[in-house]
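Input: a single structure, listed below in structure tokens.
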Amino acid sequence: MKIDELSKKIIDEHLDAVKYNIEYKPMTDDEYGLIIIGDQYAVYLSNERGGYHIIEYFQTEEDACDQLYESLKAMKYVDDLVQMKKQTG
């Protein structure tokens, strides 16, 4: 999928509760994002100190978007589990 398709899926599947950045906005704390470095796409996770960790580099926009989508789905799953645990005590 491409970035515009990814944006739609994030909203449609309510993955936007997880912080993410795919629209070339300034990086913020604790977000997943997609950046272009040279001729490669990189999926990253930023931290609270202003740094970031590259999760993986990709040759295509499609592969990078797929990886970011999977990362957001996984984070939402974890967040949902934490919320369920809080509710059930």
Side-chain angles (χ1 to χ4, degrees):
M1 82 184 83
K2 297 261 189 183
I3 289 174
D4 57 333
E5 296 168 286
L6 176 59
S7 293
K8 184 174 177 356
K9 280 184 95 163
I10 287 170
I11 292 167
D12 291 348
E13 297 181 26
H14 306 288
L15 300 176
D16 50 342
V18 178
K19 289 175 68 176
Y20 69 97
N21 184 352
I22 56 174
E23 298 175 3
Y24 311 106
K25 296 179 274 188
M27 218 179 269
T28 61
D29 296 345
D30 300 322
E31 71 179 8
Y32 281 95
L34 175 64
I35 55 176
I36 300 171
I37 300 174
D39 62 346
Q40 294 184 316
Y41 293 84
V43 173
Y44 70 86
L45 176 61
S46 64
N47 63 45
E48 67 276 356
R49 294 186 176 173
Y52 64 94
H53 168 73
I54 299 294
I55 296 171
E56 193 169 347
Y57 289 96
F58 299 92
Q59 296 299 320
T60 68
E61 178 181 349
E62 292 85 355
D63 289 342
C65 286
D66 289 343
Q67 173 61 45
L68 181 56
Y69 173 70
E70 292 301 324
S71 295
L72 292 173
K73 277 187 5 182
M75 283 305 300
K76 182 168 185 329
Y77 177 75
V78 169
D79 288 349
D80 289 348
L81 286 177
V82 168
Q83 290 302 318
M84 284 181 8
K85 179 71 173 168
K86 285 180 182 177
Q87 291 173 358
T88 60

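Basis for what follows: all heavy atoms, side chains included, without hydrogens, waters or symmetry-related copies.
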Compile the donor-acceptor pairs under 3.5 Å between side chains in residues 3-10 and protein atoms, sequence neighbours left out, one pair per line.
from : atom 1 : to    : atom 2 : distance (Å)
Glu5 : OE1    : Lys2  : N      : 2.6
Ser7 : OG     : Ile3  : O      : 3.2
Lys8 : NZ     : Asp12 : OD2    : 2.7

Exercise. Which residues pass the ring-ring contact (aromatic ring centres under 6.0 Å, His included) test with Tyr44, sequence neighbours left out?
Worked result: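 So Tyr44 forms a ring-ring contact (aromatic ring centres under 6.0 Å, His included) with Tyr52.
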
Connected via hydrophobic side-chain network under 4.5 Å: [X] and [Y]:
X: Leu72; Y: Ile35; result: no
X: Ile36; Y: Tyr32; result: yes
X: Ile22; Y: Met27; result: no

Exercise. What do the steps show when you test Met1 against Glu62 for side chain to side chain contact (heavy atoms under 4.5 Å, CB included), and what is the final call?
Worked result: CA-CA 5 Å; Met1 82 184 83; Glu62 292 85 355; 5.9 Å; no

Problem set entry | Contact list for residues 29-47, test salt bridge (charged side-chain N to carboxylate O under 4.0 Å, His left out), sequence neighbours left out | none

Seminar exercise, completed: In short, ring-ring contact (aromatic ring centres under 6.0 Å, His included) pairs touching residues 57-77 with sequence neighbours left out are none

For this session: Would you give the length of the straight line joining atom CE of Met75 to atom CG of Leu45, rounded to the nearest 0.5 angstrom?
Result: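 One finds 8.0 Å between CE of Met75 and CG of Leu45.
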
Problem set entry | Spatial distance of atom OH (Tyr20) from atom OG (Ser71) [nearest 0.5 Å] | 14.5 Å

Problem set entry | Residues clustered with Ile11, ILVMFWY side-chain links under 4.5 angstrom |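 Same cluster as Ile11: nobody, lone residue.
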
For this session: State, yes or no, whether a side-chain contact exists between Lys73 and Glu13 at a heavy-atom distance under 4.5 Å.
Result: yes

Exercise. With sequence neighbours excluded, what pairs up with Asp66 under the side-chain hydrogen bond (donor to acceptor under 3.5 Å, both in side chains) test?
Worked result: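 Checked Asp66 against side-chain hydrogen bond (donor to acceptor under 3.5 Å, both in side chains); zero matches.
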
